[in-house]
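For reference, positions follow the sequence shown, starting with 1.
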Amino acid sequence: MEVRTVMHWDGGWAWMAFMPLLWIALIGLIVWAAVRLTQHQSGRDQGRDRGQPPRETPEEILDRRYASGEIDADTYTEARERLAKNRLRPR
């Protein structure tokens with residue numbers, strides 16, 4: 001009498017080789033999603049991906065204030081010169 005062990009699965013060894021890769025990919029996806037969600041909630045993205053414009057530079061703020069009439073031409077010119085001088089000076 002012969003006793004046989006039935007261990008024949010179609011592609012069983014291929015699945016055994018593929019399963020660790022599947023688990024690594026799944027865990028990686030979960031970690032990526034968790035990091036992405038925590039960065040978005042903590043506000044570390046500085047307005048990116050939320051439709052907000054990036055922060056204005058001092059020159060852009062000055063240009064906007066001059067264009068809207070908040071400051072006159074003399075004040076604008078003086079402030080521009082001060083900004084340019086401070087940018088050239090090493091810190």
| said: What verdict does the salt bridge (Lys or Arg N to Asp or Glu O under 4.0 Å) test give for Glu78 and Arg82, after you've listed the backbone C-alpha separation in whole Å, the side-chain angles of each residue and the deciding distance to 0.1 Å? | reply: CA-CA 6 Å; Glu78 182 182 328; Arg82 275 190 276 148; 3.4 Å; yes
| task | Side-chain contact test, heavy atoms from C-beta onward, threshold under 4.5 Å: evaluate it for Leu62 versus Tyr66 and give yes or no. | result | no
| query | When you check the side-chain N and O atoms of Asp63 and Tyr76, is any donor under 3.5 Å from an acceptor? | reply | yes
| query | Are a donor atom and an acceptor atom from the side chains of Thr75 and Asp72 found within less than 3.5 Å of each other? | reply | yes
| field | Charged N-O contact under 4.0 Å between Glu59 and Arg87 | value | yes
Hydrophobic clustering (ILVMFWY, side-chain heavy atoms < 4.5 Å, transitive) - are [Y] and [X] grouped together?
{"X": "Trp23", "Y": "Ile30", "value": "yes"}
{"X": "Met16", "Y": "Ile24", "value": "no"}
{"X": "Met19", "Y": "Leu21", "value": "no"}

